[in-house]
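Below you'll find the structure, written out as C-alpha cells, and then a few comments.
No experiment lies behind these values; they were computed from the predicted model shown. A, B, ... follow the sequence lines: proteins, then strands. Residue 1 opens every chain.
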There are 2 protein chains.
Amino acid sequence: MSQKVFVSAQEVADRAGVSRSAVSRTFTPGASVSPETRRKVLEAADALGYHVNHLARGLMRNESGIVCLIVSDLATPHRSGMIKVLTQELQHSGKIAMLVNTDLSDGSVDLALRQAIHYRADASIILSGMPDKSIAQLCLKSGQRLVLINRDDEQDGPLRINLDDEEAAGRILIAFLRAGCRKLAFANSEAGTPSLMARENGFVAAARAHGLDVVVERYGWTGYESGRVLAQRLLTRNQRPDAVFCATDLLACGFMDAARHQFSISVPDQLCVAGFDDIEQASWASYQLTTFAQPLATIAREAVSWLESGPVANSEGRTSAIRLHADLVWRSSIRGG
Amino acid sequence: MSQKVFVSAQEVADRAGVSRSAVSRTFTPGASVSPETRRKVLEAADALGYHVNHLARGLMRNESGIVCLIVSDLATPHRSGMIKVLTQELQHSGKIAMLVNTDLSDGSVDLALRQAIHYRADASIILSGMPDKSIAQLCLKSGQRLVLINRDDEQDGPLRINLDDEEAAGRILIAFLRAGCRKLAFANSEAGTPSLMARENGFVAAARAHGLDVVVERYGWTGYESGRVLAQRLLTRNQRPDAVFCATDLLACGFMDAARHQFSISVPDQLCVAGFDDIEQASWASYQLTTFAQPLATIAREAVSWLESGPVANSEGRTSAIRLHADLVWRSSIRGG
DNA sequence: GCGGCATTTGCACGCGATTGCAAGGCTTCC
DNA sequence: GGAAGCCTTGCAATCGCGTGCAAATGCCGC
C-alpha cells in the first residue's frame with residue numbers, strides 16, 4: 001500500500017490536462033464547465049479515486065454539512081428511535097450527523113459540545129432533557145441553526161418542535177372515564193422537563209374540569225425503575241387508584257410490572273394504565289400498553305427540512321414553532337375500547 | 001448580533017500584539033511558547049471568544065479527530081447501549097463521533113459512508129450486521145483505522161473485538177442440564193452473523209458432547225417479533241422443548257411472551273429460557289431473563305485506547321484481535337441456580 | 001472579415017490553521 | 001568582552017479547495 005493515501009484536485013487536474021479550477025467546478029453544482037471538460041475530469045477522478053475533501057470545502061464555503069445531535073439518555077428506547085429517524089433523514093438530504101452524548105457529568109460534555117462547534121457544524125438538534133439553556137445559547141452564538149425537540153425553551157431563533165401534550169392528556173382522561181375509572185393518578189419523574197410537566201398539568205386540569213382529583217407522584221429519573229417505585233408509592237395508598245397515566249412508557253412498564261408481580265393487581269381489570277411515547281416495548285405482549293405515539297418520522301422530516309431551508313430567512317430572531325399531534329395507540333391496558 | 005460570527009487566529013494575534021504563529025502554538029500542546037506570550041494570547045482569545053477551527057486544523061495535520069460509527073439496527077437496546085458507551089469513551093479521549101446509519105436500503109448509506117470518509121475520519125468503528133465487507137475495505141483503503149465489533153471478518157489491519165460465544169454457549173448448556181432439561185432448542189434469526197452462528201454452533205456442539213440433540217430454528221430479523229414466530233414453530237412440535245437458548249435477548253423476550261401468553265407455558269417451570277446481551281429489558285420483572293452480559297464498557301475502552309495508540313505500529317497488516325468473556329447473569333428464567 | 005456577446009477557462013488569492021527555518025534575545029561560561 | 005547555546009518568535013510555505021476577474025474561445029449577424 002502506498003504511503004500517500006488521498007488524491008488532491010491538483011493531481012486530477014494534471015491527469016485530465018486541465019486546470020485545478022476545472023476540477024473544482026466539476027464538483028460544484030451549478031458551476032460553468034463544458035461537457036467535454038467535465039467528462040475528462042470525471043474520468044481522471046474516477047481513475048485516481050478522487051473525492052472532494054469536505055474539511056477543505058467546509059473551510060472555504062463556511063458551511064460544513066455537519067449537523068450535531070446533542071442527546072441525553074441515548075440508550076433509551078424513545079431516544080434511540082429518535083436518533084434513528086433523524087440520522088436517516090439527515091443522510092437522505094446529504095448531511096452527516098455528529099453525536100454528542102450529554103449523559104456524563106464530567107467536563108467532557110462541555111468539551112465535546114465545543115468540539116462540535118469547532119467543527120463548524122451548520123446546525124444542532126437538541127434532544128436532551130438537560131435544562132441547561134447555556135448549551136442552546138452557545139450554539140446560537142456560534143451561528144448555528146438550532147432545533148429543539150420536546151423542549152419548550154422560551155428562546156428566539158431556534159425551531160421548536162413540540163407535541164400537544166395537554167390535549168393528549170385530555171384524551172386519555174376521557175378514555176379512563178369511559179372505562180369507569182374515577183380514582184386517578186399521575187406518575188411522573190422528577191426531571192421536570194416541559195413536556196413531562198405539560199402531560200401532568202394537562203391531565204390534572206382535564207380531571208378537574210370533570211370534577212375529579214388526581215394523585216400526583218414524582219420520583220427519580222424517567223426510567224423503568226422509577227416506575228416501580230412510583231407504583232410502590234401509589235398502590236399502597238388507602239385510596240388505591242384505579243387508573244394511572246404515566247408520563248412515559250418506560251415508567252408505565254415499571255409501574256405495570258410492580259402492580260402485577262408485586263401487588264398482584266390485574267391490569268386492566270383492577271387498574272388501567274396509559275403511557276406516552278409508544279416505544280417498542282409498549283406493544284410487547286407482556287404490556288400491551290395504551291399510549292401516545294410520537295410522530296417520529298414527521299418530527300425528523302420537519303427538523304431536517306427546516307435545516308435545509310438554509311441559513312437565510314432568519315429574520316433576526318423570528319421564532320418558528322411546530323406543534324404536532326400525538327396519535328392514541330389503543331391496546332389492552334385500558335378496559336373497553 | 002454581528003454578521004461576522006467566528007474569530008480567526010489573526011484577530012487574536014492582533015489584539016494580543018503577537019504573531020499568528022504564537023496563537024497557533026499556544027493552542028498546540030507541546031509547542032514552544034513563553035508563559036508571558038501564552039498569557040497574552042489566552043487573554044485575547046478569551047475576550048474575543050476564539051476557538052481553533054478544527055476543519056482547518058484537520059486540513060493541516062491530516063488528522064481530523066473524527067471517529068465514524070457505522071451502525072445498523074440503531075434503535076435496538078443492545079446497539080444503542082453500545083453507542084452510548086462508545087460516544088462516552090470517545091468524548092473522554094477528546095474525539096468526536098460521526099454516526100452513519102446503515103439501516104436504509106437506498107443509496108444514502110453508501111453516500112453517508114463516503115461522506116464520512118471525505119471528512120477524513122481518523123477511524124471507523126463498525127457495529128453493523130451488514131455482511132458487506134466492501135465497507136470495511138473502503139475504510140481501510142482510505143487510510144482509516146478500523147475496529148470491528150462482534151464481527152469476524154477475516155481481514156488484516158483492523159482491530160477485531162469478539163466475545164467467546166462458543167464458550168458461553170457451553171456454560172448455558174450446563175445450566176440447562178442442571179435444571180433437568182433434556183429437550184433442547186436453539187432459536188436464531190436468519191441474519192447469520194458470525195457471533196450469532198458461533199452461539200448456535202457452540203450450543204449444538206456442547207449438547208452433542210453430552211449426547212444430546214438440539215432443535216435449531218431460524219427465522220427473520222433478530223427482533224422481538226421473530227422470537228414470537230420462533231416460539232410458534234418450536235412450541236408446536238411433537239416433542240416440545242423444555243429449554244431454549246435464544247441467540248439474543250430480544251428474541252428471548254418475544255419467545256417468552258409467546259410461550260406464556262399464547263401457549264400458557266410457565267417459565268421456568270415448564271420451559272427454561274436463556275438469552276444473550278443482557279439488554280435492560282432482560283432484567284424487567286416480566287422477563288427476569290438469564291443471559292450473558294456483553295462487557296460494553298470494556299469493549300469501548302479497548303476500542304478507543306487502540307485508536308489512541310496512533311496510526312503507527314501498523315506493521316503492514318498485523319491483525320489485532322481481542323476475545324472477551326461474557327459474564328452469565330443469573331435470573332429466574334432457568335430453574336435452580 | 002469584423003465587432004458584439006455568451007460561455008468556458010486559467011490565474012491567483014483567500015479560507016484558517018500548522019510548522020520548518022532562521023533570526024533575535026538571553027543566559028552562561030570561558 | 002565575546003563566543004556558544006537554548007528558548008522564543010516571526011516569516012513564509014503549505015494543506016485542499018472555492019471563486020472573482022480577466023483572458024480566451026466560439027458563435028452569430030452584419
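- Using a distance-only test at 3.5 Å, with no hydrogens or angles considered, no donor-acceptor pair links the side chain of N101(A) to the main chain of T87(B).
- For Y119(B) and Y119(A), the ring centers sit 6.0 Å or farther from each other.
- Defined by atom type and a distance below 3.5 Å, a donor-acceptor pair is missing between the side-chain atoms of R114(A) and S142(A).
- Evaluation of atom-type donor-acceptor distances gives a pair under 3.5 Å for the side chain of R25(B) against the base of dG10(D).
- For the pair E36(A) CD and dT7(C) C1', the interatomic distance rounds to 15 Å; values are reported in whole Å.
- The side chain of A9(A) has dC17(D) as its nearest neighbour among dG16(C), dT9(D), dC17(D).
- Using modelled atom types, one finds no donor on one side chain facing an acceptor on the other under 3.5 Å when comparing S80(B) with R79(A).
- Regarding M60(A), its CE atom lies at a distance of 17 Å from the P atom of dC15(D), rounded to whole Å.
- At the heavy-atom level, H51(B) lies under 4.0 Å from the strands shown only through sugar-phosphate atoms.
- For the residue pair S19(B)/R25(B), the side-chain donor-acceptor check at 3.5 Å is not satisfied.
- Relative to the side chain of L59(A), the nucleotides dA12(C), dC17(D), dG16(D) differ in distance, and dG16(D) lies closest.
- The distance from atom NZ of K40(A) to atom C1' of dG10(C) is 13 Å, rounded to the nearest whole Å.
- Across the protein-nucleic acid pair, R39(A) atom CZ and dT9(C) atom P stand 12 Å apart, rounded to whole Å.
- If you check distances only, the side chain of R20(A) does reach the base of dG18(D) with a donor-acceptor pair under 3.5 Å.
- Within the 4.0 Å cut-off from OP1 or OP2 of dT8(C), at least one side-chain nitrogen or oxygen of S32(A) is found.
- Atom-to-atom, CZ of R61(B) to P of dG16(C) comes out at 18 Å; the value is rounded to the nearest Å.
- The side chain of V52(B) lies closest to dA17(C), out of dT8(C), dA17(C), dG18(D).
- S21(B) and S24(B) share no side-chain donor-acceptor pair at under 3.5 Å.
- Rounded to whole Å, atom P of dC15(D) lies 10 Å from atom CG of N62(B).
- D14(A) places its CG atom 12 Å from the P atom of dG10(C), with the value rounded to the nearest Å.
- Between S19(B) and dG10(D) there is a side-chain polar atom (N or O) within less than 4.0 angstrom of OP1 or OP2.
- Here the side chain of Y50(A) is nearest to one of dG16(C), dT8(D), dC17(D), namely dC17(D).
- At least one side-chain nitrogen or oxygen of R57(B) sits closer than 4.0 Å to the OP1 or OP2 atom of dT18(C).
- No hydrogens or angles were tested; on distance alone, a donor-acceptor pair under 3.5 Å links the side chain of S21(A) to the base of dC11(C).
- The CZ atom of F27(B) sits 14 Å away from the C1' atom of dT18(C) (whole-angstrom rounding).
- Between dG16(C) and Y119(A), no contact under 4.0 Å exists linking OP1 or OP2 to a side-chain N or O.
- Side-chain N/O atoms of S34(B) and base N/O atoms of dC7(D) include no donor-acceptor pair closer than 3.5 Å.
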